[in-house]
> 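So that we are looking at the same thing, I have put the structure below in structure tokens.
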Amino acid sequence: MNEMWGESTVKLRAENAARGQLFDEGNYAMFIHWGLYSQLGNKVDGKTYYGIGEWIMNPRMAGIPVEEYKNLAKTFNPKKFDAKAIAKLAKDAGMKYIIITSKHHEGFAMYHSKACDFNVVDATPWAKDPMHELAEACRAEGLGFGFYYSHNQDWTFPGGNRGPTTDEKGNPATFDDYFVKKCLPQVEEITSNYGPIEIVWFDTPGNMPKKYVQQLVDVVRKNQPNALVSGRAGHGLGDYQSLGDMEVPHKNVDGMWESVDTTNDSWAYAWYDEYWKTPKEILRRLIACVGRGGTYMLNIGPRGDGSVPERAARSLEESGAWIRRYPQVVYAADASPWEHALPWGDVTVKGNRLYLSVFEWPAGGKLYLPGLKTKIASAKLLLGEKSSAVPYESAHGWTILGLPPVAPEKLVSVIEIELAGEPEVDPTFGVDPDIGTEILADFASVAGAELSQKRWMEKFGEWKSVHHVHDWTADAKATFEVSVLEPGDYVVSLTYAGEGRLVWGVDVVGGEHIQNQQNSSHNYQEFPIGWINFPEPGTYAVAVSFLEGDPALASLKSIHFAPAR
Ligand code: FHN
């Protein structure tokens with residue numbers, strides 16, 4: 001997969017207000033995948049294909065021949081497309097700019113292109129250029145605007161990567177033919193004809209030679225000196241890093257980066273896909289991205305008629321209403337000094353203020369914050385613009401905040417902590433005395449086994465990833481450092497994948513050892529191991545070992561601690 005996404009390095013920290021500011025400070029954007037494929041919505045000749053809809057032409061989906069696919073243009077008539085409504089939706093959602101597919105891998109230009117008549121004006125009965133309307137609607141709403149452009153893959157133009165290898169006359173076509181006749185002129189068009197652009201979002205560079213990427217980047221620099229170029233341009237020529245599709249990182253990431261994600265599990269409209277991210281899940285993922293130091297770009301896939309699936313819109317509007325109440329949590333906010341999420345939520349920072357977004361409201365009336373070293377000046381529970389003081393005390397390096405029994409907000413409640421100085425934190429994971437604590441393998445020190453990231457497609461194009469400990473040798477250990485406030489018994493469980501019955505050991509280093517046999521599954525699943533005891537407050541190392549079973553298939557994702565009560 002890395003090969004397809006290309007090498008993307010981080011070069012730029014937005015150095016002035018004009019370039020990259022919406023990316024750097026806005027932290028939230030709308031991605032739109034819309035094209036001829038949206039008409040099919042993943043159903044071809046009555047058969048449904050499951051996966052990312054914009055790949056429907058590919059042999060791993062419906063395998064539609066080029067000429068047949070091109071015929072779809074004759075029926076593309078998106079009468080319900082409403083640029084103003086889409087821009088308003090993005091604005092109401094709290095997003096700061098829109099990036100839309102000007103041409104995806106299948107080669108159809110969703111704008112009026114002089115370079116190739118396989119485009120929305122020349123090839124469809126609708127014969128309109130939606131991008132002018134959308135660019136204008138974005139400007140009217142005060143939003144930035146930009147284009148996705150598939151520069152390497154073009155499945156219908158001779159010479160494009162994965163495209164026809166001969167031209168209409170049967171002569172061999174090269175990538176250079178495609179690049180000179182279509183790709184370069186089209187990038188010239190999209191960067192010249194739609195006013196100021198925020199980002200040109202190139203995708204899947206694969207093995208595209210550097211000389212081509214350089215020419216495209218030069219065109220963007222010439223026509224749009226204030227635009228950013230996505231890291232997926234390739235060869236490290238982009239301005240920032242895009243993480244893997246649908247990946248929200250668990251650890252802080254340095255530099256300028258984004259996560260790209262979608263409101264359900266497909267980028268383009270898929271008729272069957274009603275698995276929408278709820279408003280709370282959208283906020284969880286957005287705040288996780290901001291908390292890890294990045295930007296979140298969340299996709300919608302309008303239908304072939306141009307309308308936006310209502311449930312996607314609903315989730316965006318409801319999460320957007322929350323962002324309007326708590327803009328300080330998201331915009332121009334910085335990464336969490338804890339460098340990871342906490343059991344009840346996440347933290348973002350502005351200067352000396354911490355914003356604690358509480359997703360799981362503690363039933364016991366206390367919120368436990370481990371490791372804060374800077375003195376607190378004040379703590380408040382926010383309710384929109386109003387607030388009430390929160391009592392707090394400290395013990396053994398923990399801060400304990402007193403909270404009302406019921407969360408004031410339906411989705412996510414926010415506590416603002418003003419510090420007496422710059423935030424300083426010991427990021428060691430705390431074992432929460434009240435709610436369960438999961439610590440991912442990403443945070444383990446591993447000896448005698450491997451720790452690496454694994455990616456897979458759940459459905460075609462639906463990417464998932466974990467960091468896992470695997471290839472266990474006899475004495476291997478994955479060790480987690482934890483800070484304990486309340487001594488006592490905790491139930492330990494492990495989330496792992498594997499085959500057959502497996503025996504795992506858990507040791508409190510210098511203390512108790514437990515081990516147990518449990519089942520396993522090829523999917524990651526949580527299995528209880530047993531109780532362990534932390535005799536007093538303090539820091540402990542907890543080591544996981546793999547004792548029996550197939551070590552080649554045993555894959556540890558995380559350890560969990562829950563108070564035994
Ligand atoms: O192949 C594309 C895919 O269709 C989609 O556009 C995503 C969005 O990030 N990018 C590529 C795969 O990474």
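Since the structure is predicted, the reported quantities are computational estimates derived from the model, not experimental observations. When a ligand or atom number is given, it counts from 1 through the structure's own listing order. Each residue takes its place number in the sequence, starting with 1.
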> Could you list the atoms of ligand 1 found under 4.0 angstrom from a heavy atom of Trp201?
9 (O)

> Below 4.0 angstrom from a heavy atom of Glu54, which ligand 1 atoms are there? Numbered from 1 as shown, please.
3 (C), 4 (O), 5 (C)

> Should Phe23 and Tyr240 be marked as a ring pair (Phe, Tyr, Trp, His ring centres under 6.0 Å) after you check the CA-CA gap, both sets of side-chain angles, and the distance that decides it?
CA-CA 10 Å; Phe23 182 101; Tyr240 65 87; 4.3 Å; yes

> Please state which part of Glu106 comes within less than 4.0 Å of ligand 1, counting heavy atoms only: side chain, backbone, both or neither.
neither

> Out of the candidates Asn152, Val213, Val187, only one should pair with Phe202 under the side chain to side chain contact (heavy atoms under 4.5 Å, CB included) rule; please name it.
Val187

> As an exercise, identify every atom of ligand 1 less than 4.0 angstrom from a heavy atom of Tyr148.
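Once the distances to Tyr148 are compared, the set is 6 (O).
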
> May I ask you to identify, for His33, whether its side chain, its backbone, both or neither come under 4.0 Å of ligand 1 on a heavy-atom basis?
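Side chain only.
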
> Is the closest heavy atom of Arg232 to ligand 1 under 4.0 Å?
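Right, Arg232 reaches ligand 1.
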
> What part of Tyr37 sits under 4.0 Å from ligand 1 if we count only heavy atoms: the side chain, the backbone, both or neither?
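No part of Tyr37 is near ligand 1 at this cut-off.
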
> Which atoms from ligand 1 have a heavy atom of Trp55 less than 4.0 Å away?
1 (O), 2 (C), 3 (C), 4 (O)

> Hey, does Asp245 come in under 3.5 Å of ligand 1, counting only N/O atoms on both sides?
yes

> Hey, can you tell me if Phe175 and Tyr212 have their rings parallel, tilted or perpendicular (30° and 60° cut-offs)?
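Phe175 vs Tyr212 ring planes: perpendicular.
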
> Indicate every side-chain donor-acceptor pair of residues 65-73 with a distance under 3.5 Å to a residue at least two apart or in another chain.
| unit_1 | atom_1 | unit_2 | atom_2 | d |
| --- | --- | --- | --- | --- |
| Tyr69 | OH | Tyr37 | N | 3.1 |
| Tyr69 | OH | Glu106 | OE2 | 2.6 |
| Asn71 | OD1 | Lys74 | NZ | 2.8 |

> Side-chain atoms of residues 87-95: list all donor-acceptor pairs with protein atoms under 3.5 Å, sequence neighbours left out, distances to 0.1 Å.
| unit_1 | atom_1 | unit_2 | atom_2 | d |
| --- | --- | --- | --- | --- |
| Lys88 | NZ | Asp92 | OD2 | 2.7 |
| Lys91 | NZ | Glu141 | O | 2.9 |

> So, Thr263 side chain and Asn299 main chain: donor-acceptor pair closer than 3.5 Å or not?
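Yes: the side chain of Thr263 pairs with the backbone of Asn299.
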
